[in-house]
Chemist: 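One structure is given below, represented as structure tokens, and several questions about it will come after.
In this text, all values refer to a predicted model and were calculated from it rather than measured experimentally.
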Amino acid sequence: MAVTGIGGFFFRSKDSKALAEWYLTHLGVGAPEGVFVWPQQAGPTVFQPFRHDTDYFAADKTWMLNLRVDDLDGL
């Protein structure tokens, strides 16, 4: 079993909409909705800022990383 890539990187932001617009304007990546999909050989990676008060991941954490593996059932 091995990690084959990053499936997603999620992080908190005090102003997730403004941050998403900044990434789009200054780096040319992303989408106005704030969900960035980065195509890679192993598959797409989602890069997304969340509101600072989101309950999508643990309240005491500022970011979350999802890894892509070659054998999810074996894991």
Chemist: Could you give the distance from CD1 (Ile6) to CG (Asn66), rounded to the nearest 0.5 Å?
Modeler: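 With rounding to 0.5 Å, CD1 (Ile6) is 10.0 Å from CG (Asn66).
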Chemist: Should the ring pair Phe47 and Phe11 be called parallel, tilted or perpendicular, given that the plane angle runs from 0 to 90° and is split at 30 and 60?
Modeler: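 Tilted, since the angle between the ring planes falls between 30° and 60°.
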Chemist: May I have all residue pairs that pass salt bridge (Lys or Arg N to Asp or Glu O under 4.0 Å) and include part of residues 41-54, sequence neighbours excluded?
Modeler: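 Every salt bridge (Lys or Arg N to Asp or Glu O under 4.0 Å) pair that includes a residue of residues 41-54, provided the two are not neighbours, is Arg51-Asp53.
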Chemist: First locate atom CD of Gln48, then atom CZ of Phe9, and finally report the distance between them rounded to the nearest 0.5 Å.
Modeler: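 Reported value, rounded in 0.5 Å steps: 12.0 Å.
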Chemist: Determine which pairs satisfy salt bridge (Lys or Arg N to Asp or Glu O under 4.0 Å) with at least one residue from residues 63-75, sequence neighbours left out, and list them in order.
Modeler: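 Every pair satisfying salt bridge (Lys or Arg N to Asp or Glu O under 4.0 Å) with a residue in residues 63-75: there are none.
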Chemist: Kindly list each side-chain donor-acceptor pair under 3.5 angstrom involving residues 54-61, sequence neighbours excluded, with atom names and distances?
Modeler:
{"from": "Thr54", "atom 1": "OG1", "to": "Tyr56", "atom 2": "N", "distance (Å)": "3.1"}

Chemist: Which atom pair, heavy atoms only, marks the closest approach of Arg12 to His52?
Modeler: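 Closest heavy-atom pair between Arg12 and His52: NH1-O, 2.9 Å.
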Chemist: Please find the pair of heavy atoms, one from Leu19 and one from Pro49, that lie closest to each other, and give the distance.
Modeler: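 In terms of heavy atoms, the two residues are closest at CD2-CB, 4.0 Å.
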